[in-house]
Amino acid sequence: MPKITIIVPIYNNAKFLNRCLKSIINQSYDDLEVLLIDDGSTDNSLAICEKYKKQDKRVRVLYQNHQGVSAARNKGIDNATGDYLCFVDSDDRLATDYCKHMMQLSLIYQADIMIGFFGIWGAQ
């Protein structure tokens, strides 16, 4: 199966980061690389990222001085090893089958790019 690299730019979002990362780690699609890009956070975000890195070998943590979300995404792209890229904001939560569903559609339609709206939003 193709590997998906999930890129998560993070800046001072410790409040929502655990729920975001749990939803990524618990995906039903296992062939994932998770790149957490800490964009110079001054809260507990980097410590949370390091905790997930210790718990799951698919997680890599990259750090940069604060440069903004686009620079963080670009750093993720530069370090990705997956066949597909998936961008997730650090306050998002993904439905458990998000990656599996997107990969199935990609293979059915032989798509080079997928844009989806299949996560869980609005729940606290």
Side-chain angles (χ1 to χ4, degrees):
M1 291 297 282
K3 179 166 50 171
I4 300 171
T5 298
I6 298 178
I7 298 170
V8 186
I10 300 160
Y11 181 71
N12 289 343
N13 203 9
K15 180 178 179 181
F16 299 107
L17 192 53
N18 275 304
R19 75 176 192 182
C20 173
L21 298 181
K22 284 179 188 176
S23 77
I24 293 171
I25 298 305
N26 292 323
Q27 286 295 297
S28 61
Y29 190 87
D30 290 327
D31 200 0
L32 301 175
E33 169 186 49
V34 183
L35 299 182
L36 307 179
I37 317 300
D38 185 277
D39 187 38
S41 295
T42 58
D43 66 358
N44 198 34
S45 294
L46 183 57
I48 294 168
C49 293
E50 292 293 340
K51 176 182 82 169
Y52 280 87
K53 177 183 171 182
K54 289 178 184 175
Q55 292 175 354
D56 194 313
K57 65 180 179 169
R58 301 173 297 172
V59 176
R60 292 175 38 208
V61 178
L62 304 172
Y63 178 85
Q64 66 182 25
N65 291 326
H66 185 58
Q67 299 174 48
V69 68
S70 294
R73 285 188 182 123
N74 287 337
K75 185 167 189 146
I77 292 168
D78 291 342
N79 286 274
T81 64
D83 302 297
Y84 288 86
L85 301 176
C86 176
F87 297 99
V88 176
D89 291 334
S90 60
D91 60 348
D92 289 345
R93 281 194 296 169
L94 300 181
T96 304
D97 290 332
Y98 178 80
C99 290
K100 180 180 176 183
H101 180 71
M102 294 299 275
M103 185 55 62
Q104 288 171 339
L105 290 174
S106 172
L107 295 173
I108 289 169
Y109 294 105
Q110 299 178 355
D112 293 326
I113 187 170
M114 300 284 293
I115 300 172
F117 193 72
F118 187 71
I120 301 171
W121 292 270
Q124 296 297 325

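We use all heavy atoms of the structure for the numbers below, so side chains are in, but hydrogens, waters and symmetry mates are not.
- Without hydrogens or angle criteria, K75 side chain to Y63 main chain gives a donor-acceptor distance under 3.5 Å.
- One distance of note links OH of Y109 with CD of Q104; it measures 11.5 Å at 0.5 Å rounding.
- Annotation: the span from T96 atom OG1 to H101 atom NE2 amounts to 13.5 Å, rounded to 0.5 Å.
- If you chain together hydrophobic residues whose side chains sit under 4.5 Å apart, F87 and I113 never meet in one group.
- Using a 4.5 Å heavy-atom threshold, the side chains of V69 and Y11 count as separate.
- Using a 4.5 Å cut-off between side-chain heavy atoms of Ile, Leu, Val, Met, Phe, Trp and Tyr, with links allowed through other members, I48 and L46 fall into the same hydrophobic cluster.
- Between L17 and C49, some side-chain heavy-atom pair lies under the 4.5 Å cut-off.
- Atoms CE and CG, from M114 and L107 in turn, are 9.0 Å apart once rounded to the nearest 0.5 Å.
- Counting only N and O atoms by type, the side chains of D39 and Q64 include a donor and acceptor under 3.5 Å apart.
- Remark: side-chain polar atoms of R58 are not paired, donor with acceptor, to backbone N or O of L35 under 3.5 angstrom.
- Surrounding CG of D112 are at most 12 heavy atoms belonging to other residues, nucleotides or ligands under 6.0 Å away.
- Of all non-hydrogen atoms in M102 and I115, the two that sit nearest each other are CE-C, 4.0 Å.
- Side-chain atoms of S45 and N13 include no donor-acceptor pair closer than 3.5 Å.
- Distance CG/D91 to NZ/K15: 10.5 Å, rounded to 0.5 Å.
- Looking only at side-chain heavy atoms (C-beta outward), R60 and N79 come within less than 4.5 Å of each other.
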Could you walk me through whether R73 and D89 satisfy the salt bridge (charged side-chain N to carboxylate O under 4.0 Å, His left out) test, starting with their C-alpha distance in whole Å, then the side-chain angles of each, then the deciding distance to 0.1 Å, before giving a yes or no?
CA-CA 10 Å; R73 285 188 182 123; D89 291 334; 2.8 Å; yes
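- Taking a cutoff of 4.0 Å between a charged side-chain nitrogen and a carboxylate oxygen, K100 and D30 do not qualify as a salt bridge.
- Contact of the V8 side chain with the I24 side chain is registered, since non-hydrogen atoms from C-beta on lie closer than 4.5 Å.
- With N65 contributing its side chain and G40 its backbone, the two residues share no donor-acceptor pair below 3.5 Å.
- No side-chain heavy atom of S90 sits less than 4.5 Å from a side-chain heavy atom of F16.
- With a 4.5 Å cut-off on side-chain heavy atoms, D31 and I4 do not count as touching.
- Residues I77 and I6 do not share a hydrophobic cluster, clusters being chains of Ile/Leu/Val/Met/Phe/Trp/Tyr side chains in contact below 4.5 Å.
- Between I7 and G76, the shortest heavy-atom distance links the atoms CD1-C, 3.5 Å.
- With contacts defined as side-chain heavy-atom distances shorter than 4.5 Å, the pair L32/C99 qualifies.
- For the atom pair L21 CG and I10 CD1, the distance stands at 6.0 Å (nearest 0.5 Å).
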Go through the steps to decide whether K3 and Y84 satisfy the test side chain to side chain contact (heavy atoms under 4.5 Å, CB included), and finish with yes or no.
CA-CA 7 Å; K3 179 166 50 171; Y84 288 86; over 6 Å; no
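- Of the residues listed (L94, V88, N18), the one engaging S23 in a side-chain contact (heavy atoms from CB on, under 4.5 Å) is L94, and it is the only one.
- Closest non-hydrogen pair, Y98 versus Q27, comes out as N-OE1, 3.4 Å.
- Side-chain contact between N12 and T42 is present, with at least one heavy-atom pair separated by less than 4.5 Å.
- One distance of note links OG1 of T5 with CG of L85; it measures 6.0 Å at 0.5 Å rounding.
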